[in-house]
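Notes to accompany the following structure.
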Number of protein chains: 2
Amino acid sequence: MATSDNSRQVLLERLQGSGLRPTPQRELVFQSLMAQRDHPTAEEVFARVKSQIPSISLATVYNCLETLVARGLVRSVNFERGPTRYCPNLHPHAHFHDEETGSTHDIDLPDGLLDQVKTILPPGYDASSVEIIFRGKAAQPAGDN
Amino acid sequence: MATSDNSRQVLLERLQGSGLRPTPQRELVFQSLMAQRDHPTAEEVFARVKSQIPSISLATVYNCLETLVARGLVRSVNFERGPTRYCPNLHPHAHFHDEETGSTHDIDLPDGLLDQVKTILPPGYDASSVEIIFRGKAAQPAGDN
DNA sequence: AGTGAGAATTAGAATTGTTCTAAAGTGATT
DNA sequence: AATCACTTTAGAACAATTCTAATTCTCACT
């Protein structure tokens, strides 16, 4: 299949380009993600790749996933590890994570924006809530956490 | 102060309305969130309320927070507890969490939507990424995870 | 005021997801 | 073949959260 050869090429290039080695473990973890296009957890990836490399360890799977995410080859869905945070702001708002300070700011949403965003959902999808998270730098005097 | 009396009223009503008791612990946890409008973790809330009720336990803080979130009095920022998930879809897309099945679906984004959403950021905020998460029901033949 | 039932709290153990550490392996380069 | 950086492995450690069992509290009803 041409597609998987392509993505393998991309993987190899990205690794080379960062001075990282194209190890069997990295290739396999990447392949397993490309092959089954769902959203597996690290444990699930671990389970899937063990049949190919029985000696692979969970720590290696975590390492490989981290590498793939860092190289932009894969996306991680739980953007922010760490403890859940609670906010008393009940107005519809988005969150901005300042990556430098680790602080979180509330961003007010214009009226109707959430409804507008919901219109991108295909028929059959009924969203009870929408969450918008920005990440980046805020040239702002801190304050929030 | 009228505001905090107001929100206290709301708290009491919401609890009553669900047959829940307005305990000192629940009131205190709620108050502490209202008083300091940042995004504390459960541990931080625990630390803050201990001075008022030294006997309070961490489990109670978690319980109270869960209750407040369930009653819509407070919002939790790490929408989905549990393990991080990984997806190989590199096209800009949102995620839809099906609350019934626990599965996650990719939602394609129309061109320019992310840029458009970014325009709501006040000056000084520079977002390197935007994450959009829907939660709700999908009347869809599953498939994704 | 006393009692009983259900609700809530407490302390600590257990679980889960992730990261860390130390030792061993790999492979290109001298 | 010695070296050096990178990688993997196994298991311990850690952090966040949930669970459990015992106790305490609250409140409606006598």
Side-chain angles (χ1 to χ4, degrees), chain A residues 11-12 14-32 39-71 73-74 76-86 102 104 145, chain B residues 11-12 14-32 39-71 73-74 76-86 102 104 145:
Chain A
L11 168 66
L12 298 184
R14 293 283 182 95
L15 290 178
Q16 300 283 358
S18 333
L20 299 171
R21 291 179 189 156
T23 66
Q25 288 86 345
R26 283 174 178 160
E27 277 203 50
L28 178 56
V29 166
F30 182 60
Q31 263 182 41
S32 90
H39 298 79
T41 64
E43 291 275 0
E44 284 164 353
V45 173
F46 181 47
R48 290 175 193 180
V49 299
K50 258 198 300 209
S51 56
Q52 317 293 322
I53 303 185
S55 68
I56 199 170
S57 81
L58 179 58
T60 298
V61 171
Y62 272 105
N63 288 342
C64 292
L65 289 170
E66 197 187 327
T67 300
L68 294 175
V69 170
R71 291 299 138 243
L73 290 156
V74 146
S76 86
V77 176
N78 249 6
F79 68 100
E80 190 75 43
R81 332 184 214 275
T84 301
R85 293 176 175 277
Y86 298 87
T104 299
N145 230 54
Chain B
L11 168 66
L12 298 183
R14 293 282 182 95
L15 291 177
Q16 300 282 357
S18 333
L20 299 172
R21 291 181 189 156
T23 66
Q25 288 86 346
R26 281 174 180 160
E27 277 202 50
L28 177 56
V29 166
F30 183 60
Q31 263 183 41
S32 88
H39 299 78
T41 65
E43 291 276 1
E44 284 165 353
V45 172
F46 182 46
R48 288 175 193 180
V49 298
K50 258 199 298 210
S51 55
Q52 319 290 321
I53 303 184
S55 69
I56 199 170
S57 81
L58 179 58
T60 299
V61 171
Y62 272 104
N63 289 341
C64 292
L65 289 170
E66 197 187 328
T67 301
L68 294 175
V69 170
R71 292 298 138 244
L73 290 155
V74 147
S76 85
V77 176
N78 247 6
F79 69 99
E80 190 74 42
R81 330 184 213 274
T84 301
R85 292 175 176 279
Y86 299 86
T104 299
N145 229 54

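Note that the coordinates shown come from a computational prediction; the quantities given were computed from them, not determined experimentally. Letters A, B, ... are given to chains in the order of the sequence lines, protein chains preceding strands, and every chain is numbered from 1.
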Kindly write out the residues that satisfy salt bridge (Lys or Arg N to Asp or Glu O under 4.0 Å) with B:Glu66, not counting sequence neighbours, or none if the list is empty.
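By the salt bridge (Lys or Arg N to Asp or Glu O under 4.0 Å) rule, B:Glu66 matches no residue at all.
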
If every non-hydrogen atom of B:Leu58 is compared with every non-hydrogen atom of B:Ala42, which pair is closest and at what distance?
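The pair with the smallest heavy-atom distance is CD1-O, 4.3 Å.
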
What is the distance, rounded to the nearest whole Å, between atom [atom1] of [X] and atom [atom2] of [N]?
X	N	atom1	atom2	result
A:Asn63	D:dT7	CG	P	9 Å
B:Arg26	C:dA7	CZ	C1'	8 Å
A:Leu15	D:dC6	CG	P	14 Å
A:Ile53	D:dT7	CD1	P	15 Å
A:Gln16	C:dG27	CD	P	14 Å
A:Lys50	D:dA10	NZ	C1'	13 Å
A:Glu27	D:dT8	CD	P	11 Å
A:Gln25	C:dT26	CD	C1'	10 Å

Within the distance-only criterion (no hydrogens, no angle test), does the side chain of [X] pair as donor or acceptor with the backbone N or O of [Y] below 3.5 angstrom?
X	Y	answer
B:Gln31	B:Leu28	no
A:Arg71	A:Leu15	no
A:Arg85	B:His39	yes

With DNA chain C as reference, determine whether B:Leu20 or B:Pro54 sits nearer its 5' end, using the nearest nucleotide of each.
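It is B:Leu20, whose closest nucleotide lies nearer the 5' terminus.
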
Of the listed nucleotides D:dT7, C:dT10, D:dT9, the one nearest the side chain of B:Thr60
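Among the listed nucleotides, the one closest to the side chain of B:Thr60 is C:dT10.
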
Taking 4.0 Å as the cut-off, does a side-chain nitrogen or oxygen of A:Ser57 come that near to OP1 or OP2 on D:dA10?
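No, outside the criterion.
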
Going from OG1 on B:Thr67 to CG on B:Leu73, what distance comes out if it is rounded to the nearest 0.5 angstrom?
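That separation rounds to 10.0 Å.
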
Footprint string (nucleotides 12-30 of chain D, 5' to 3'): B base within contact, S backbone only, - free, heavy atoms under 4.0 Å
----SBBB------B----

Quick one: are A:Asn63 and A:Gln25 in side-chain contact, heavy atoms under 4.5 Å?
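When only atoms from C-beta onward are counted, A:Gln25 and A:Asn63 do not touch, as no gap falls below 4.5 Å.
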
